[in-house]
Amino acid sequence: MAITAIKGCNDILPEESGRWQYIEQAARRIFERNGFSEIRVPIMEKTELFCRSIGDTSDIVEKEMYTFIDKGENSVTLRPEGTAGVMRAYIEHKLYAQDPVAKLYYLGPMFRYERPQKGRYRQFHQIGAEVTGVNDPLVDAQVLNMLCAFFREIGLDEPTLQINSLGCPECRPAYRAALVEFLQGRLDRLCDDCKRRFTSNPLRTLDCKVAGCGEATQGAPAMLDHLCGECDDHFSSVKRYLDLTGNQYGINPRMVRGLDYYTRTTFELVTGLLGSQSAVAAGGRYDGLISQLGGPSIPGIGFAIGVERVALLLGERDFSTKPDLFIATMGADQRDMAFRLLTDLQSRGHWVELDYEGKSLKSQMRRAGKLGARYSVVLGENELQAGQASFKRMVDGVLIETPLAADEIALLLG
Ligand code: ATP
Ligand code: MG
């Protein structure tokens, strides 16, 4: 029996890859315009990195990581997200010594052991960005604006921005205590996971996707009502700057991100079109993370976009590229000429296709149509003798007499 791919790990076939390139190129364009540079870090890291950053009580560390012992008896993990590795590299290479303000982006595969379904896979891809070294709420708004600009750039207005604040180590403990008190009386209505979270990570009960938990936590106290003065000022400024950018957003006081390192501003871009896979991108501020990983006390903020979910939202549009010209030939002599034209036009930046197997003219023209070539031309003895041929513009069938010289044909192809 033929071997198949691992469950939840997808092939991105040629018919799909145009869509992926479209998404990735748009992200690079928008991010670079905002002063971000690409960083590429390993797909595997020491397991400890994720335990220490994402948090032992998060869903990711508790049950979603691909962790294994390698031949040298080291525990390694396939990265479930990008921020931890990027910050590990930032600290390890002392990038902060060159300039504490770093604007970095990355793209690539992430791995989580989850139940595969539409928009949720075991190998999936993220495009993410991080800014270190700036506390200023203006940068929160710039990062959010960049994220919204990316969705505008690819022509999607569907995911909508929701923001919240998770406070800081000053104000969160009192909030946590208020929430625990509220939940105490409703424990029997929570799912088993939430009963466990109630002691380890009570905020996560607000994020639970089980309907009963949603109902049981109706009216729960909100972090936004417990922010300390500084966190409150920060959140007000983020909203003010965001208003200046003109982006629409909503405030979602129940949004609790699944990673423990977040502080203050957190956000998601959500859609109603992908069922319970509603978050298309998400992120937040992580002012304690860099020091938690053994680096200096430097603040940070970032986000990650789920590429599969973006690709689903783009729907049926055709992102494939088409040949500029298909050259059909009647015989061996013309094939030499066609091959020479192909290489000359290619070096001028054009994509040219021809028939490889001496098929009938009819089947060659069928292939030209199937490939979606913009122009086609038939080379026979007459054309070779005359040194020119009729080039057919495929959209409307218009014929254009053109000399059989690469320069002239290149002009026609534009
Ligand atoms: P969810 O609530 O859907 O599980 P999450 O909170 O775990 O999402 P993050 O860790 O914030 O997600 O990752 C950022 C983005 O990566 C998500 O908004 C989503 O678009 C995407 N993503 C996360 N997990 C998966 C997955 N298993 N398959 C595909 N995309 C994913
Ligand atoms: Mg998740």
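In listed order, ligands and their atoms are each counted from 1. It should be emphasised that the depicted structure is a prediction, and the values quoted were computed from it without experimental measurement.
Under a 4.0 Å N-O distance rule, the pair Lys322/Asp318 qualifies as a salt bridge.
The aromatic rings of Phe267 and Phe303 stand perpendicular to each other, their planes meeting at an angle above 60°, with 30° marking the opposite boundary.
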Quick check for students: name every N or O atom pair between ligand 1 and the protein closer than 3.5 Å, with distances.
unit_1	atom_1	unit_2	atom_2	d
ligand 1	2 (O)	Lys209	NZ	2.9
ligand 1	3 (O)	Arg120	NH2	3.0
ligand 1	3 (O)	Arg309	NH1	3.0
ligand 1	3 (O)	Arg309	NH2	3.2
ligand 1	4 (O)	Arg120	NH1	2.8
ligand 1	4 (O)	Arg120	NH2	3.4
ligand 1	7 (O)	Arg112	NH1	2.9
ligand 1	10 (O)	Arg112	NH1	3.1
ligand 1	10 (O)	Arg112	NH2	2.8
ligand 1	11 (O)	Arg257	NH2	2.2
ligand 1	13 (O)	Gln126	NE2	3.1
ligand 1	16 (O)	Gln126	NE2	3.0
ligand 1	18 (O)	Ala279	O	3.2
ligand 1	20 (O)	Ala279	O	2.9
ligand 1	20 (O)	Val280	O	3.1
ligand 1	27 (N)	Glu114	OE2	2.6
ligand 1	27 (N)	Tyr121	O	2.9
ligand 1	28 (N)	Tyr121	N	3.0

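Among residues two or more places apart in sequence or in another chain, the side chain to side chain contact (heavy atoms under 4.5 Å, CB included) test is passed with Arg367 by Phe326, Leu371. Residues that satisfy the side-chain hydrogen bond (donor to acceptor under 3.5 Å, both in side chains) test with Ser17, not counting sequence neighbours, are absent from this structure. Every residue two or more places apart in sequence or in another chain that forms a side chain to side chain contact (heavy atoms under 4.5 Å, CB included) with Met110 is listed here: Arg79, Tyr106, Phe124, Gln126.
Geometrically, Arg122 does not engage Tyr66 in a cation-pi contact defined by less than 6.0 Å to the ring centre and at most 45° from the axis.
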